[in-house]
Amino acid sequence: MTWSHGIILRAVAILACAAVPPTRSFTLRHSYASHASLNRLVGQNNVPGNVRRTISHLRSVEVTPFAGDEIEQMSATSLQTRALGSQELLMLPRQYKPGLERGDNPFPQMSHVSTMILSSTPSVEVLSQAIDEAMASHPLLRCYVQGDGEPSKRIDLFQMVREGDPNPCTFVCPPIDKSPLFSSQDVLTVIDVKGKNRDALDISWKEQFSTNLDSGSDWCDIERGPLWKVELHRLVDGGKDAPCALMFTFNHAISDQSSANLLMEHIVKNMADIEQNGYISKKAAINSIPSSMEDSVLGVNRSFSKVKTQDFSLDTVSYVAKKAAEGFSSPVILPDDQQDKDDGNGILGALTIITGNVPGGESSEGRKSTVQFRSLSTETTNALVEKSREKGVTMSNVLSAAIALTASDFIDGGKKKVVSARNYKVLQSLDMRRFGVAGLDKCESVSCMAGSHDLMLGPISDGSGKRVRTSSKEKQEQMFWSLAKESRKQTNGFIESGGPQQATRVFDFAMTISDMNNLVSLSAKSNESKGRAYSVGIVNAGVFERQNAVRREGEEKREKMVTKHGKYNLEEIYFATSHARSGCLYQASCMTMNDRLHCTFHPAMPIVSEATNSEVADSFVELLEVIAGTKIIQSDAADSSSLAESSFSLLKKIPVAAASLYGIYGIVSHAGAWGNFFHAVLEMKETVSNP
């Protein structure tokens, strides 16, 4: 998932928890606390009247069911439609008509870029045929969006609370044999690169990668489609045996990295088959539109628009409360040289946002992505995997620890302090297919199932990454691996407590009844926070070769993806989503292929300069090499000795002004019709004890 999903969840959670004084808490009896829905709570004699009123209020909210929620099972010769789910509406994104009528610019799309380096270059004819067959298999590759998503009316003073959904944004996928027909001609561009070697090729695709990350409006017309494109970067003087780069750019509403992997391997296998046989001997299965993330995780027709509060339980309330508790840490979100006295999360920021304005005024600073690419050697990658297993942690845990420690070397912005320890909020991405109901989505077709959860790591002393790199093995155990194990503990706790389901449920609730895209936009424009909501972010897309390939004709069991088809070796893959508008201060996206970890570093510039991002990338790789034991740096005894004392104690709950001030935010929000949005969430806090 994405940074925006996390922002919305925490906004709802903090408001819910902080706005209700501890003295008003109410503890549910264990006999119905675990899984009972809020509807059932109304029948209990000892449930306070305000809880009953909250439930009644939520049940009365008018929500028009999405016209296309039920996916019609159709053949390739029939039209397919489905209304976008909440996650997809965030990525698209759903627009905000009051802002457009004021002359505001439309919200930009969230772009997802994935580049594959191939050992050989296909002909345009072969590549086009391979793409055409893939588009026939995956409905969202040939879709456009119909409907503006405007509610029947907005019912609050500040025009952000929605009622009804008469014209929902809906995926429309034309049949493959009728007009309007999308083909490779609509998505494929060839970029000829002067030169014969890999260096010239890399310069071309790397420059375009950064551009594509922050683009969308110049090529993606969602009302016409398609919602993706592919570029072939080829060496003019290299010949067919020279390497090439295939760069895929998607509107993130239809893709995640698992989908991108699926598509890339699909197309390359098609190319090899065409070159060998003159045609595709085993075509891919024709798919229906994949389920939305909400249907996949919660169950078909279990979205808020369908069941309202029926699936709300104490687990939901507990999740909201736990998310709110994160506000009692002080995570760093900007380097010291760019940190204002007020980061936009205090009283003024809270009061400003609920009135539809930007905290601290709009930033005049134009932000764009700055990107670096790095790869670990096979030796280092394999050694790191083995050490992770020995320590009982996953590679995702290792990468989360590494990105937080690396950030500590740069967070002071060059303003060296004698002693400074900070908490780091880590956005760790998840593939939500893992948590779907009965395996509803097995990644058989291209779609977006990107999710996330937050880790809170720290306090970590400034410069800890460097000190870990120069410490003894004993100190590394105490420093690095303890942080990785803390990451594992928090991740396991989130999953085992039903966090993925509750996160999806709360997010869907917020997106259904409010214009959360507008709140995200206001936060992104803030001159105080500069759109940052996390200290660091990490994506681990796993191991390419462990993912299942597309299902082909006559196959009962899907084969695993491979990195060689005919003359084509899939050498490297780099991917990213844009954090220029909002997101993480430092961000890395990683995937293992051919026993090598490939990493993309893509923060926002000028918050993080191009030079600093390059240093971050080098330091991150060096840290992993040291931890893997494939690189040794001379120990700095003075630095490493101080680290153990201050860096890795258990997470301290540090009260900050912003956390308490959100209470005022919630209280003020009760004024007028704005309370129709927040009142229900605020009073849900009264059904549990304070966390």
Side-chain angles (χ1 to χ4, degrees), residues 1 5-20 24-44 47-48 50-61 63 85-87 292-299 301-327 430 432 435-437 451-454 493-514 516 666 676-691:
M1 175 154 303
H5 190 166
I7 291 171
I8 292 174
L9 290 177
R10 284 195 314 284
V12 174
I14 292 172
L15 288 167
C17 191
V20 183
R24 298 179 62 195
S25 63
F26 170 72
T27 304
L28 296 176
R29 295 188 313 184
H30 179 74
S31 59
Y32 58 88
S34 297
H35 302 288
S37 69
L38 292 181
N39 287 330
R40 237 177 297 162
L41 296 181
V42 179
Q44 300 293 329
V47 175
N50 53 5
V51 175
R52 287 195 180 91
R53 289 194 299 274
T54 298
I55 298 166
S56 297
H57 170 75
L58 281 175
R59 292 183 65 186
S60 68
V61 173
V63 182
S86 292
Q87 172 75 338
S292 67
M293 189 181 77
E294 292 73 31
D295 275 1
S296 179
V297 174
L298 302 177
N301 296 328
R302 304 308 301 179
S303 63
F304 184 79
S305 65
K306 293 292 187 182
V307 300
K308 298 183 181 176
T309 63
Q310 184 177 337
D311 290 345
F312 281 19
S313 68
L314 180 64
D315 290 341
T316 311
V317 181
S318 178
Y319 169 79
V320 172
K322 288 177 182 177
K323 295 299 295 180
E326 293 177 359
L430 298 173
M432 299 301 282
F435 314 106
V437 177
S452 69
H453 79 107
D454 300 351
F494 174 75
I495 294 172
E496 292 168 2
S497 65
Q501 292 75 27
Q502 300 307 334
T504 302
R505 183 169 289 115
V506 174
F507 173 71
D508 181 45
F509 158 72
M511 283 292 293
T512 301
I513 70 170
S514 69
M516 294 304 287
N676 288 333
F677 168 43
F678 286 118
H679 180 71
V681 184
L682 293 171
E683 290 202 0
M684 279 177 12
K685 172 63 179 65
E686 295 183 290
T687 65
V688 293
S689 297
N690 254 13

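All values reported here derive from a predicted model rather than from experimental measurement.
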J.: If you take all heavy atoms of S292 and G85, which pair is closest and at what distance?
T.: CB-CA, 4.0 Å
J.: With no hydrogens and no angle check, is any side-chain donor or acceptor of E294 less than 3.5 Å from a backbone partner on T504?
T.: no
J.: Show the nearest heavy-atom pair for residues T316 and R505, with the distance to one decimal.
T.: OG1-CD, 3.9 Å
J.: Identify, with sequence neighbours excluded, every residue that meets ring-ring contact (aromatic ring centres under 6.0 Å, His included) alongside F494.
T.: H453
J.: Testing D508, D311, D295 one by one against R302 for a salt bridge (charged side-chain N to carboxylate O under 4.0 Å, His left out), which residue passes?
T.: D311
J.: Are any of the side-chain heavy atoms of L430 and F435 separated by less than 4.5 Å?
T.: yes
J.: How far apart are the closest heavy atoms of A503 and Y319, and which atoms are they?
T.: CB-OH, 3.3 Å
J.: Are any non-hydrogen side-chain atoms of S86 and T512 less than 4.5 angstrom apart?
T.: yes
J.: Quick one: closest heavy-atom pair of L298 and Q501, and the distance?
T.: CD2-O, 3.5 Å
J.: At their closest point, which heavy atom of Q502 faces which heavy atom of S313, and how far apart are they?
T.: NE2-OG, 4.3 Å
J.: So, do F507 and F304 sit near enough that their side-chain heavy atoms are less than 4.5 Å apart?
T.: no
J.: Would a 4.5 Å heavy-atom cut-off, applied to side chains only, mark M432 and P500 as touching?
T.: yes
J.: Where the side chain of S318 meets the backbone of L314, is there a donor-acceptor pair that is under 3.5 Å apart?
T.: no
